[in-house]
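Side chains are part of it too, since the values below use all heavy atoms of this structure and drop only hydrogens, waters and symmetry mates. Model, not experiment: these values are computed from the prediction.
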Amino acid sequence: MPSLSFFARKSALFTASATGAQALWLAHDGVAGRLSLRTTDASPSHVCVSETWHRLELLFGPLWLSVYIDGRFAGRHGRTGSGAWQLDHDGGTEFTILSADAALPRSSADTLIEPLDMAQLALTAGQGADALAGARACPVSPLQQQLVNRALRQVFEAHKQSAMALAGAGDRAAGLAAISGALALYPPLPARAAPRTQRTLETVCIFADLSLPQCRHYRVEQKVEQLAAAGIRARVVDQADLADTTLADADGCDRAIIYRLPYVPKVQALYARLRAAGVPILYEIDDLLFDETLFPGPPSDYGADLDAAEYHELLILPPLYLAALQAADGAIASTPALADAMQARNSGKPVFLHENGLDRAHRAAMALPRPARRPGRVRLFYGSATRALQSDLDAAANAALAPLMADRADVDLVLAGHADLPACLAPFVDRIIRIAPMDLAAYWQELAKADINLAPLAPGGFNDCKSAIKWLEAAMFGIPSVVSASRTYRELLTDGTDALLCDTWDAWAPALADLVASPAKRAAIGAAANNLALSRFSEQRLAGDIGSILRHLQATHTRVT
């Protein structure tokens with residue numbers, strides 16, 4: 001870096017990157033002046049120089065800037081945002097940059113870098129393990145905690161990449177061991193702060209994965225509506241926005257719901273913040289993501305739009321979901337089967353059932369006029385909001401859809417959302433309507449045009465835990481469904497009354513042919529399904545349900561005020 005000079009009343013003559021640690025030596029001779037240090041999005045801090053000659057060493061890092069005067073540590077200036085550091089000179093003398101290097105030396109004749117600065121330098125150099133060990137050996141302070149958290153994230157990411165590489169190379173056991181090793185680096189959670197007062201449940205904060213539209217609607221947006229009906233305020237924080245500066249959201253709530261988040265370092269830091277504030281934590285999930293024996297299943301389950309790196313990450317995620325579940329004070333499940341699986345891994349802690357249901361958006365869709373059906377045609381509908389069900393669609397297509405469409409020229413098929421065309425259906429492509437993923441309102445408009453809804457699921461523990469959303473969304477329009485007899489559907493539905501249940505793939509062909517051939521049966525099953533949906537999954541019932549769940553621990557768990 002070339003030499004630069006600061007002259008009186010000039011500012012912003014030097015900008016240091018926020019991403020790298022960098023040493024900057026300055027000297028001046030003459031009347032005292034003042035050097036201001038600031039980021040582009042923060043108020044300035046000042047270093048006053050009052051002698052006739054001083055050497056200033058300014059150490060820039062990603063979390064703070066440290067000042068050394070004549071080889072002695074003089075203070076730190078923490079970052080409050082992401083802007084670059086700037087130096088402003090307000091004085092009657094000249095400062096000259098004598099040299100600038102990649103990093104301060106570890107020691108010199110008159111300079112010994114403070115241990116916390118050394119740890120920040122290690123972090124900047126990508127030496128996360130050294131940074132973590134060095135930071136943990138320093139006295140606790142806000143900046144030290146920021147450095148510990150940042151270093152832990154760097155170390156965790158290295159473990160994660162190693163775990164994914166191992167799993168991708170065929171050694172999943174080693175990959176799972178690597179990610180479990182990362183979890184072992186986490187500090188223990190603090191003891192819960194004891195409540196000082198009893199207070200009414202007023203505010204719930206939901207920290208959530210909002211990346212899946214259907215999950216976001218049923219488990220987050222719907223819950224916000226239900227909480228409002230129960231007289232409880234709700235705030236939602238997207239995991240993408242979760243950072244050191246947003247953890248303050250944890251301090252103002254009476255309950256916290258952690259939805260579908262793996263136990264990565266920023267989530268562990270959230271748990272610690274909530275426990276320190278005395279806030280009870282409920283972990284919520286709506287799939288069996290924490291069971292490494294059942295999730296994620298083979299790549300063929302996901303179709304053509306899941307790349308290898310995404311699948312390798314899925315392979316090593318179960319320990320992270322399990323850790324998040326076990327660190328909470330209780331859990332919320334979307335189905336009885338999932339509640340049982342969570343309880344088996346969370347012994348001694350309560351697990352509550354809170355099902356998916358109807359809300360204002362459903363009512364609005366139901367109030368719209370039903371689209372006219374094409375005379376003489378029977379429209380089948382298959383929709384999927386996830387990429388994980390492709391093999392189930394393929395199995396149903398081979399067992400029932402292809403034979404039916406070959407036998408009945410009046411049958412059309414809609415494939416909506418994440419659904420690749422099964423090879424066996426290629427001869428009937430002129431009668432197949434394919435619709436890309438869309439928002440829920442548009443999806444429901446397409447579903448409302450159907451005569452029969454399809455919900456195929458391969459038998460097994462993972463699919464037993466899935467909810468009845470596909471049936472529910474068809475039932476709200478009085479559309480009959482043919483469904484696989486998973487545990488959720490067996491416990492909810494009566495075969496031949498409010499759905500047709502198929503125990504095996506072989507049962508799909510006769511069940512579907514029977515329903516296609518009988519408009520009267522379709523109408524009767526659709527009407528019964530609609531009655532069950534409106535009575536069992538009403539907004540009022542679910543609002544009372546979530547209110548009861550969140551008040552369950554009121555006597556023993558109230559936030560510190």
If we ignore hydrogens and angles and just use 3.5 Å, is the side chain of [X] paired with the main-chain N or O of [Y] as donor and acceptor?
{"X": "Gln326", "Y": "Arg345", "answer": "yes"}
{"X": "Glu355", "Y": "Thr335", "answer": "no"}
{"X": "Gln154", "Y": "Leu123", "answer": "yes"}
{"X": "Tyr302", "Y": "Pro296", "answer": "yes"}
{"X": "Gln343", "Y": "Lys349", "answer": "yes"}
{"X": "Asp287", "Y": "Leu289", "answer": "no"}
{"X": "Ser484", "Y": "Leu457", "answer": "yes"}

With sequence neighbours left out, which residue pairs that include part of residues 160-171 fulfil the side-chain hydrogen bond (donor to acceptor under 3.5 Å, both in side chains) condition?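 Passing the test, one end in residues 160-171: Glu157-Gln161, Lys160-Glu313.
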
Take Asp420 and Arg387 through the test salt bridge (charged side-chain N to carboxylate O under 4.0 Å, His left out) and record every step on the way to the result. CA-CA 9 Å; Asp420 296 337; Arg387 297 180 289 185; over 6 Å; no

With rounding to the nearest 0.5 Å, note down the distance linking [atom1] in [X] to [atom2] in [Y].
{"X": "Phe537", "Y": "Asp359", "atom1": "CZ", "atom2": "CG", "answer": "13.0 Å"}
{"X": "Leu274", "Y": "Leu270", "atom1": "CG", "atom2": "CG", "answer": "4.5 Å"}
{"X": "Lys470", "Y": "Gln214", "atom1": "NZ", "atom2": "CD", "answer": "8.5 Å"}
{"X": "Gln120", "Y": "Gln144", "atom1": "CD", "atom2": "CD", "answer": "12.5 Å"}
{"X": "Gln239", "Y": "Asp209", "atom1": "CD", "atom2": "CG", "answer": "4.5 Å"}
{"X": "Gln145", "Y": "Leu143", "atom1": "CD", "atom2": "CG", "answer": "10.5 Å"}

Would you say the side chain of [Y] lies within less than 4.5 Å of the side chain of [X], judging by non-hydrogen atoms?
{"X": "Ile285", "Y": "Tyr321", "result": "yes"}
{"X": "Lys466", "Y": "Asn463", "result": "yes"}
{"X": "Arg219", "Y": "Ile332", "result": "yes"}
{"X": "Leu320", "Y": "Leu261", "result": "no"}
{"X": "Asn453", "Y": "Leu447", "result": "yes"}
{"X": "Leu116", "Y": "Trp64", "result": "yes"}
{"X": "Cys205", "Y": "Val237", "result": "yes"}
{"X": "Arg150", "Y": "Leu63", "result": "yes"}

CA sep, side-chain torsions, deciding dist, call: Leu176, Leu166, side chain to side chain contact (heavy atoms under 4.5 Å, CB included): CA-CA 9 Å; Leu176 291 170; Leu166 290 166; over 6 Å; no

Looking only at side-chain N and O atoms, does [Y] offer a donor or acceptor that is under 3.5 Å from a partner on [X]?
{"X": "Asp464", "Y": "Ser486", "answer": "no"}
{"X": "Glu473", "Y": "His362", "answer": "no"}
{"X": "Gln390", "Y": "Asp394", "answer": "yes"}
{"X": "Ser66", "Y": "Asp117", "answer": "yes"}
{"X": "Asn356", "Y": "Ser334", "answer": "no"}

How close do [X] and [Y] get, heavy atom to heavy atom, and via which atoms?
{"X": "Phe381", "Y": "Tyr443", "result": "CE2-OH, 3.6 Å"}
{"X": "Ala135", "Y": "Val148", "result": "CB-CG2, 3.7 Å"}
{"X": "Pro265", "Y": "Arg153", "result": "CB-CG, 3.6 Å"}
{"X": "His418", "Y": "Thr386", "result": "CB-O, 3.4 Å"}
{"X": "Arg192", "Y": "Gly278", "result": "NH1-C, 3.7 Å"}
{"X": "Leu415", "Y": "Pro422", "result": "CD1-CD, 4.3 Å"}

Is [X] salt-bridged to [Y], going by a charged N under 4.0 Å from an acidic O?
{"X": "Arg233", "Y": "Asp254", "value": "no"}
{"X": "Arg260", "Y": "Glu284", "value": "no"}
{"X": "Arg255", "Y": "Glu202", "value": "no"}

Go through it in stages, so that I can follow the logic: the residues are Leu542 and Leu358, the test is side chain to side chain contact (heavy atoms under 4.5 Å, CB included), and I'd like the CA-CA distance, side-chain angles, deciding distance and then a yes or no. CA-CA 9 Å; Leu542 293 172; Leu358 302 173; over 6 Å; no

Parallel, tilted or perpendicular: which describes the rings of Tyr263 and Tyr186, with under 30° parallel and over 60° perpendicular?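 Ring orientation, 0 to 90° scale: tilted.
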
Decide side chain to side chain contact (heavy atoms under 4.5 Å, CB included) for Arg551 and Ile232; before the verdict, give the C-alpha distance in whole Å, the side-chain angles of both, and the deciding distance to 0.1 Å. CA-CA 11 Å; Arg551 291 186 175 94; Ile232 302 168; 4.0 Å; yes

Would you confirm whether the ring centroid of Phe295 sits within less than 6.0 angstrom of the ring centroid of Phe290?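 No, they do not, as the ring centres are separated by 6.0 Å or more.
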
Within the 6.0 Å centroid threshold, strictly below: Tyr259 and Tyr283: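 Here the rings of Tyr283 and Tyr259 have centres that are no less than 6.0 Å from each other.
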
Return the set of residues passing salt bridge (charged side-chain N to carboxylate O under 4.0 Å, His left out) with Arg490 (not counting sequence neighbours), or none when no residue passes.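 Scan of Arg490 (salt bridge (charged side-chain N to carboxylate O under 4.0 Å, His left out), adjacent residues dropped) gives none.
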
From the options Leu212, Asp286, Ile469, select the one residue that forms a side-chain contact (heavy atoms from CB on, under 4.5 Å) with Tyr218.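 Testing each of Leu212, Asp286, Ile469 against Tyr218, the sole residue satisfying side-chain contact (heavy atoms from CB on, under 4.5 Å) is Ile469.
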
Tell me, with the steps shown, if Glu292 and Arg172 meet salt bridge (charged side-chain N to carboxylate O under 4.0 Å, His left out). CA-CA 10 Å; Glu292 64 192 52; Arg172 190 189 183 202; over 6 Å; no

Do Leu338 and Met342 pass the side chain to side chain contact (heavy atoms under 4.5 Å, CB included) test, and can you show the C-alpha distance, the side-chain angles, and the key distance before you say yes or no? CA-CA 6 Å; Leu338 186 56; Met342 295 168 81; 3.9 Å; yes

